[in-house]
Amino acid sequence: MKRIRFISLLATFFIVISSLPTSCNKNSPVEVDWAPVIIYIYATDTNGNSIISDNMPGMTLSFKGTTYTVKDWETAVTESLKTKAYYARMIGLAAQPDNDGYRLFFGEIDGAADMDENIILSWPDGSQDTIHYHCSDHRYGKEPSCNRSWTLNGKAHEGSTFTFTGKNI
């Protein structure tokens, strides 16, 4: 009799455990961690020499009502760590060391946020360029996706790396 009770109790235990939702269950929600968006900017003069440096007076980037000036990489990263936020952290506009010297880094933009924004680059020579970033229709589940697109000065652009030629300091 004790053996039958034990087997019944054990069977009940397994039935209860197997009915609990698990990450393998087809009906359980899938958590999506959208990667932050980072923009990389390269710029050269008419001779092909990079004009990006860790100190670029007169260079600004405007995004969502805030204007950013170029900071050196260490300062920008240190300042961004003042928050305890876990998700995308706004480092701002920084001259990031790269294989060939420096590149401009702008971000991090929240990859989970729907937005339709212009990013205005104002160069030291007085010229301006407009990057338009669009992100919408985030779809969650096992195959997450969103509609993300870029334009540069009104023309379609692939990806978040931008190269400018013929710029002056």
Side-chain angles (χ1 to χ4, degrees), residues 23 26 28-46 48-54 56-73 75-77 79-169:
S23 62
K26 290 181 182 178
S28 67
V30 175
E31 186 173 325
V32 177
D33 186 12
W34 297 96
V37 175
I38 298 168
I39 297 171
Y40 295 107
I41 300 166
Y42 296 88
T44 59
D45 61 18
T46 53
N49 301 310
S50 176
I51 66 163
I52 307 296
S53 68
D54 61 350
M56 294 184 68
M59 177 73 191
T60 63
L61 182 149
S62 298
F63 174 70
K64 293 180 82 172
T66 301
T67 300
Y68 300 87
T69 58
V70 178
K71 296 179 182 176
D72 69 87
W73 183 247
T75 301
V77 170
E79 287 178 359
S80 75
L81 293 175
K82 290 179 181 175
T83 179
K84 293 186 180 195
Y86 176 73
Y87 296 104
R89 66 184 169 144
M90 181 54 77
I91 291 173
L93 182 62
Q96 184 183 42
D98 190 41
N99 295 339
D100 299 325
Y102 292 93
R103 65 182 174 188
L104 291 177
F105 170 107
F106 179 71
E108 299 174 336
I109 300 170
D110 185 359
D114 284 354
M115 64 179 66
D116 200 35
E117 296 288 336
N118 282 330
I119 300 163
I120 309 296
L121 296 168
S122 297
W123 297 93
D125 66 2
S127 64
Q128 286 190 333
D129 289 291
T130 302
I131 296 171
H132 186 80
Y133 171 61
H134 173 85
C135 187
S136 65
D137 303 321
H138 286 81
R139 290 179 286 286
Y140 296 83
K142 289 188 178 188
E143 296 181 26
S145 64
C146 66
N147 293 329
R148 186 169 286 160
S149 63
W150 301 90
T151 62
L152 175 58
N153 297 324
K155 296 180 182 173
H157 183 82
E158 189 68 33
S160 61
T161 298
F162 297 87
T163 302
F164 298 89
T165 56
K167 295 293 181 183
N168 295 308
I169 296 179

Checklist entry - side chain to side chain contact (heavy atoms under 4.5 Å, CB included) between Leu93 and Leu104: does it pass, once the steps are laid out? => result CA-CA 7 Å; Leu93 182 62; Leu104 291 177; 4.1 Å; yes
Result block: side-chain N/O donor-acceptor pairs under 3.5 angstrom for residues 35-46, not counting sequence neighbours:
from: Tyr42; atom 1: OH; to: Arg103; atom 2: NH1; distance (Å): 3.1
from: Asp45; atom 1: OD1; to: Asn47; atom 2: N; distance (Å): 2.9
from: Asp45; atom 1: OD1; to: Gly48; atom 2: N; distance (Å): 3.0
from: Asp45; atom 1: OD1; to: Asn49; atom 2: N; distance (Å): 2.9

Checklist entry - In chain order, what residues pass the ring pair (Phe, Tyr, Trp, His ring centres under 6.0 Å) check against Phe162, with sequence neighbours excluded? => result Trp150, His157
Checklist entry - Please, which pairs that meet salt bridge (charged side-chain N to carboxylate O under 4.0 Å, His left out) have at least one residue in residues 144-168, sequence neighbours excluded? => result Asp129-Lys167
Checklist entry - Excluding sequence neighbours, so at least two apart, what forms ring pair (Phe, Tyr, Trp, His ring centres under 6.0 Å) with Trp34? => result His138, Tyr140
Item to check | Residues which pass side chain to side chain donor-acceptor pair (under 3.5 Å) with Glu117, listed by chain and number, not counting sequence neighbours | outcome: none
Next on the checklist: The criterion is salt bridge (charged side-chain N to carboxylate O under 4.0 Å, His left out); which residues satisfy it with Asp72, sequence neighbours excluded?
Outcome noted: none
Can you give me every donor-acceptor pair (side chain of residues 56-70, partner residue at least two apart or in another chain, under 3.5 Å) with its distance?
from: Ser62; atom 1: OG; to: Thr67; atom 2: OG1; distance (Å): 3.1

Checklist entry - Any idea which heavy atoms bring Ile109 and Met90 closest together, and the distance? => result CG1-CE, 4.5 Å
Checklist entry - Which atom names give the shortest non-hydrogen contact between Cys135 and Gly111, and what distance separates them? => result SG-O, 4.3 Å
Item to check | Partners passing side chain to side chain donor-acceptor pair (under 3.5 Å) against Thr165 (at least two apart in sequence or in another chain) | outcome: none
Item to check | Any residue meeting side chain to side chain donor-acceptor pair (under 3.5 Å) with Ser136, in chain and number order, not counting sequence neighbours | outcome: His134
Next on the checklist: Run the side chain to side chain donor-acceptor pair (under 3.5 Å) test against Asn118 and tell me which residues pass, sequence neighbours left out.
Outcome noted: His132
Next on the checklist: Trp73 vs Tyr102, test: side chain to side chain contact (heavy atoms under 4.5 Å, CB included). Steps then yes/no.
Outcome noted: CA-CA 10 Å; Trp73 183 247; Tyr102 292 93; over 6 Å; no
Checklist entry - Got Leu121 and Gln128 here, is their nearest side-chain heavy-atom distance under 4.5 Å? => result no
